[in-house]
Amino acid sequence: MISAARKANLLSQIEGLNQIPTIPVVLAPLLRYLQQPIEHLDVQTVTDLISQDKALAAQCLQMANSPLFGRWQKIDSLRGAVVGLGFQRVGDIAMSCSLLSILPKGRAGIDPVIFWEHSLGCALVCRHFARKISWPDPGKAYLAGLLHDLGTIVNLWMLPQDFAEAFNLARQQCIPLHEAEQSVLGFTHCDTGSLLAKRWELSADLSEAVSRHHALDESAEHAGLVALVEISDLLCRMTGLNHGFLESRQVSIFEQKGFAVLSKQCESLATVDWARLTFELDSYMDEVRSLVRAIYRK
C-alpha cells in the first residue's frame, strides 16, 4: 500500500503540469469554429485553419485516406478532405492527430503508441456503438472515447518511472491498469486526466468522461456519455485494442453499470447484435495499428 507521504509527493509533481506540451495552437479556434451551426461553416475557412500547422495538415490528410474514416477513394488535398468527409469528421481527425503529436516518445521503456491505439480504437467503437443505439451525438461519443485516457499523457510525461511500475504490475498480473495505478501511485489516470481536462478547458461532459469512466457511480449529469465510454473501453480491453495485454478477469458487458444506465436511456440497446458488434470491432484493429504507428513514427 502506498504511503500518504509518497502519494502527496507524486501529486505535487503533477500539480503544475508544466512539462506537458500544449495542443497545437490551431486546434482551439478550429474546434470553436466547428461548434457553429453547419449552415454557417465554410469549407475554405476550415481548410485555412488546419493549413496553418503544416505537420497537422499532413497528418490529417493521411488519416482522411484511411478506411476507418469512411473513404475508399484517395483524397489528395486538405480541401478535398473537408469536402469529402464533412466538417464533423475533419474535426475528429484534427483532434486525433493533435493528441497523438504530444505523446512523449519512449519514456521509461514504455511504447506510448499502445495507449493511442487503444484510445483511437475506443473513439471509433464509441461512435459506432452510439449509432447502433441511436445516441443523439455520435461525434461527441467519438471525442469522449478519444480523450478518456488523457491521464496517461500526464503520467507518461510527469511520472514516467512510477507509471512504468504501475504499468508493469498491470501487465504481469493481467489486471486493469487503473487498479495497478491505484496500488502503486495511490491515484489513477482518471485523476490526472481530470487535471489536464481542466487545464485544457474541456466541456463538462468530456471532462466527466475523462475523470469518471472507471467510477460511473460518481457520474451525475452526463452519466449516459460516461457509460458509453465505460462499455467501449471495456470492449477494447477485451480485444486486441487493449493496453498491450489481455486482462485475465472474466467480465460480462451486461453486468456493467454502464449497461444499466444506457438501458434506461436508449431503448434500442435491447436490439444490439453483440456478436456482430464484436466482429466489427475486430475489423478495426489492423487499420488502427497501422494508422497510429504511421503518424506517430514520423
Side-chain angles (χ1 to χ4, degrees), residues 21-103 116-117 119-132 135-148 150 200-203 205-206 209 225 228 232 280 283-284 286-298:
T22 56
I23 52 180
V25 292
V26 303
L27 188 62
L30 172 67
L31 294 179
R32 277 198 301 271
Y33 183 76
L34 292 173
Q35 293 301 310
Q36 299 180 88
I38 194 166
E39 60 269 19
H40 296 163
L41 299 180
D42 174 69
V43 169
Q44 192 57 49
T45 300
V46 174
T47 303
D48 291 344
L49 279 168
I50 298 175
S51 296
Q52 292 174 34
D53 187 317
K54 300 304 181 188
L56 178 61
Q59 291 173 340
C60 285
L61 189 58
Q62 181 174 9
M63 193 174 272
N65 277 292
S66 165
L68 290 172
F69 287 87
R71 295 296 294 181
W72 297 94
Q73 293 182 325
K74 183 173 175 58
I75 297 172
D76 56 12
S77 70
L78 198 53
R79 182 183 174 87
V82 177
V83 172
L85 295 175
F87 296 117
Q88 178 70 61
R89 209 51 84 75
V90 167
D92 291 347
I93 288 172
M95 175 64 91
S96 304
C97 292
S98 296
L99 291 174
L100 195 62
S101 71
I102 67 172
L103 275 169
W116 280 112
E117 288 176 351
S119 292
L120 180 58
C122 190
L124 292 162
V125 172
C126 262
R127 185 177 65 196
H128 189 62
F129 187 28
R131 288 172 176 158
K132 290 276 188 185
W135 184 260
D137 194 345
K140 181 59 69 74
Y142 177 93
L143 285 179
L146 183 73
L147 294 166
H148 79 287
L150 203 56
W200 284 359
E201 299 180 345
L202 295 185
S203 60
D205 50 358
L206 290 176
L225 182 64
L228 260 177
S232 300
E280 290 164 346
S283 71
Y284 288 150
D286 288 343
E287 183 62 25
V288 165
R289 286 187 182 127
S290 62
L291 183 62
V292 169
R293 288 180 184 275
I295 291 174
Y296 186 71
R297 298 301 184 202
K298 284 190 173 183

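- In this structure, S96 and Y142 have side chains that are in contact, with non-hydrogen atoms separated by less than 4.5 Å.
- For the atom pair CG of L61 and CG of D76, the computed distance is 7.5 Å after rounding to the nearest 0.5 Å.
- G91 and L34 get closest at one heavy-atom pair: CA-CD1, 3.6 Å.
- The line from CG of L85 to CG of N65 is 8.5 Å long, rounded to the nearest 0.5 Å.
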| request: Go through L49 and Q52 one step at a time and tell me if the side-chain contact (heavy atoms from CB on, under 4.5 Å) criterion holds. | output: CA-CA 6 Å; L49 279 168; Q52 292 174 34; 3.8 Å; yes
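- Nearest heavy-atom pair across C97 and C60 is SG-N, 3.8 Å.
- Residue pairs meeting the salt bridge (Lys or Arg N to Asp or Glu O under 4.0 Å) criterion with at least one partner in residues 123-132, sequence neighbours excluded, are D92-R127, K132-E280.
- Y33 and D42 make their closest contact through OH-N, 2.9 Å (heavy atoms, listed as atom of the first residue, atom of the second, distance).
- Here the CD1-CE distance, from I75 to M63, works out to 13.0 Å after rounding to the nearest 0.5 Å.
- For E201, the CD atom counts as loosely surrounded, since its 6.0 Å shell holds 12 or fewer non-hydrogen atoms of other residues, nucleotides or ligands.
- Checked by atom type and distance alone, the side chain of Q59 never pairs as donor or acceptor with a backbone atom of L56 at under 3.5 Å.
- Taking all atoms of both residues into account, the shortest heavy-atom contact from I50 to L30 is CG1-CD2, 3.8 Å.
- For the pair G145 and C126, the tightest heavy-atom approach, listed with the atom from each and the gap, is CA-SG, 3.9 Å.
- Using a 4.5 Å heavy-atom threshold, the side chains of L206 and K140 count as touching.
- Residue L225 holds its CG atom at 5.5 Å from CG of D205, rounded to the nearest 0.5 Å.
- In terms of the ring-ring contact (aromatic ring centres under 6.0 Å, His included) criterion, residue partners of F129 (sequence neighbours excluded) are, by chain and number, W274.
- Residue T45 holds its OG1 atom at 9.0 Å from CD of Q36, rounded to the nearest 0.5 Å.
- Legend: residues meeting side chain to side chain donor-acceptor pair (under 3.5 Å) with D137, ordered by chain and number and at least two apart, are absent.
- Between H40 atom NE2 and F87 atom CZ the span is 12.0 Å, to the nearest 0.5 Å.
- Residues E117 and V288 come closest through the heavy atom pair O-CG1, 3.5 Å.
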